[in-house]
Amino acid sequence: MTGTASAPTARTVRARRMRLFGVLFLLLTAQYLLAETSLGAAAVAVAATAAAGSALALCAVVAARAVPRVPVARVRTALRDRARRTAFLPQRDPDAPGRRRPRAPGAPLPTAA
């Protein structure tokens with residue numbers, strides 16, 4: 001292989017020009033739309049929001065990776081201990097299947113007068 005480059009054909013030159021005109025047309029159209037309407041301010045606001053959001057996400061990822069990993073056995077133990085400490089509330093439906101009816105109130109107990 002020698003270092004000589006072949007001359008571009010008329011077809012490639014035409015394709016390059018069409019691409020250049022297409023990009024130029026898109027840029028001019030974007031400039032017209034942004035200048036004639038208030039889309040410029042909206043575009044800047046969206047860009048600023050995206051930048052702030054991505055920076056916040058990056059900080060969250062870095063902070064999450066900095067936390068040491070907790071062993072699985074410790075998590076299991078913590079869940080078991082929490083389950084033992086949990087106070088069970090009475091069920092709201094006393095007529096549910098398998099539940100006995102609550103006792104009827106009896107005579108009031110004598111209290112100290």
If I take atom OG1 from residue Thr77 and atom CZ from residue Arg82, how far apart are they, to the nearest 0.5 angstrom? 12.5 Å
Atom CZ in Arg14, atom CZ in Arg17: separation rounded to 0.5 Å? 9.5 Å
Mind checking side chain to side chain contact (heavy atoms under 4.5 Å, CB included) for Val75 and listing every partner two or more places apart, or none if nothing turns up? Val70, Leu79
